[in-house]
Structures are given as C-alpha cells and as structure tokens.
Amino acid sequence: MRTTAYTHSEGDHLQYGTQNAAGSGLKYGQLRSAAADWSVYPVGTVFQIQGDPALYVVDDYGSALVGTGTIDLYKPDQTTVDHWGVRQVNIRVVRWGCFSKSLAILMPRQMKASHVRQMIWRLVMRAET
C-alpha cells in the first residue's frame, strides 16, 4: 500500500484547520487520522500498519487520493510529514467503516468538488452491484 503524509498546516488544509472531513478533530496518538478514497476505504475504517503499534482511522479524504489507492496519514507537523515521505507499507484492516455513512457525508458536498462527485459515483456503483 502506498502511503503519504499530511498535516493541518499545509496550504490545502489551512481552511479546515485541525478538523477532518468527518466533522471531528484530527487525531494523533494511539489512534491516528488518515485520509483515503472513501469509495475504497469508507469513513470509520480502522487499520494498522505492519510494525507500527498505532491504529489509524479513516476520517478524512483528499482530492489527490481518489482513484489512486494511496492512504494519506495525518502527522502533527511538517517535520514529521517530511520524515514520513512516501512509503510502501503493509496494512491490516481491523474494522471496516461504513459506505452508507460515507455517502451520507459526501452527498451535501457534491457540488463543491469533482473528487467528491467521483467518490459518490463509485459509492453508488458499489451499492448497485
């Protein structure tokens, strides 16, 4: 699995501060926030990276993630983001999130961005199969 990292102080995240797309605060402790394509890893999905004792929860998304198979890991500062870089890791899904909850969060946002519409379309297609 390809992983990257982001932080709340990056230019494309400044408008959201430390809030994630699910409406709560970004987490960095034993449970950490992650951003993903919600049509692949729905909101609430909990996973662990092999060799890392922390758990990650998908509670955010980003335009650069849709259709890429990449998961973006939240880090508390730019130094930690830079240290992470881009890494290939093995993940184990501990608990799958909810596709219908992902769709419910995304639907009111569909006019805001094309990547949101892409995730909605993929979620609808998934539900129809």
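- Remark: side-chain polar atoms of D72 are paired, donor with acceptor, to backbone N or O of A5 under 3.5 angstrom.
- Side-chain contact between I91 and I71: present, with at least one pair of heavy atoms (C-beta onward) separated by less than 4.5 Å.
- Residues V58 and W38 form a side-chain contact, since some pair of their non-hydrogen atoms from C-beta on lies under 4.5 Å apart.
- For residues 90-102, every residue pair satisfying the side-chain hydrogen bond (donor to acceptor under 3.5 Å, both in side chains) rule, not counting sequence neighbours, is listed here: Q48-R92, Q50-N90.
- Annotation: side-chain hydrogen bond (donor to acceptor under 3.5 Å, both in side chains) contacts involving residues 112-121, sequence neighbours excluded, are absent.
- Using a 4.5 Å heavy-atom cutoff, the side chains of T4 and W84 are not in contact.
- Under the salt bridge (Lys or Arg N to Asp or Glu O under 4.0 Å) criterion, D37 pairs with R122, not counting sequence neighbours.
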Donor-acceptor contacts under 3.5 Å from residues 27-35 side chains, at least two apart:
| from | atom 1 | to | atom 2 | distance (Å) |
| --- | --- | --- | --- | --- |
| K27 | NZ | S24 | OG | 3.4 |
| K27 | NZ | G25 | O | 3.2 |
| K27 | NZ | D59 | OD2 | 3.1 |
| Q30 | NE2 | P53 | O | 2.7 |
| R32 | NE | G29 | O | 2.8 |
| S33 | OG | K27 | N | 2.7 |
| S33 | OG | D59 | OD1 | 3.2 |
| S33 | OG | D59 | OD2 | 2.8 |

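- Checked by atom type, the side-chain pair T79/D82 shows no donor-acceptor distance below 3.5 Å.
- With sequence neighbours left out, K75 forms a salt bridge (Lys or Arg N to Asp or Glu O under 4.0 Å) with no residue at all.
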Under the criterion side-chain contact (heavy atoms from CB on, under 4.5 Å), I'd like the reasoning laid out for T70 against T3: C-alpha separation, chi angles, the key distance, then a yes or no.
CA-CA 5 Å; T70 298; T3 61; 5.8 Å; no

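- When side chains are defined from C-beta on, T7 does not count as touching L26, because their heavy atoms never get closer than 4.5 Å.
- Between V94 and F47 there is no side-chain heavy-atom pair separated by less than 4.5 Å.
- Under a hydrophobic-cluster definition in which Ile, Leu, Val, Met, Phe, Trp and Tyr are linked whenever side-chain heavy atoms come within less than 4.5 Å, directly or via other members, L65 and L73 are assigned to different clusters.
- The shortest distance between side-chain heavy atoms of Y61 and V66 does not fall below 4.5 Å.
- Here the side chains of V57 and T45 are not in contact, with every heavy-atom distance at 4.5 Å or above.
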Please report the C-alpha distance between N20 and Y74 in whole Å, then the side-chain angles of each, then the deciding distance to 0.1 Å, and finally whether the side chain to side chain donor-acceptor pair (under 3.5 Å) criterion is met.
CA-CA 10 Å; N20 60 41; Y74 174 71; over 6 Å; no

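- When hydrophobic clusters are built by joining Ile, Leu, Val, Met, Phe, Trp and Tyr residues whose side-chain heavy atoms come closer than 4.5 Å, directly or via intermediates, V93 is grouped together with V43.
- Every residue was checked against the ring pair (Phe, Tyr, Trp, His ring centres under 6.0 Å) condition with F99, not counting sequence neighbours, and none meets it.
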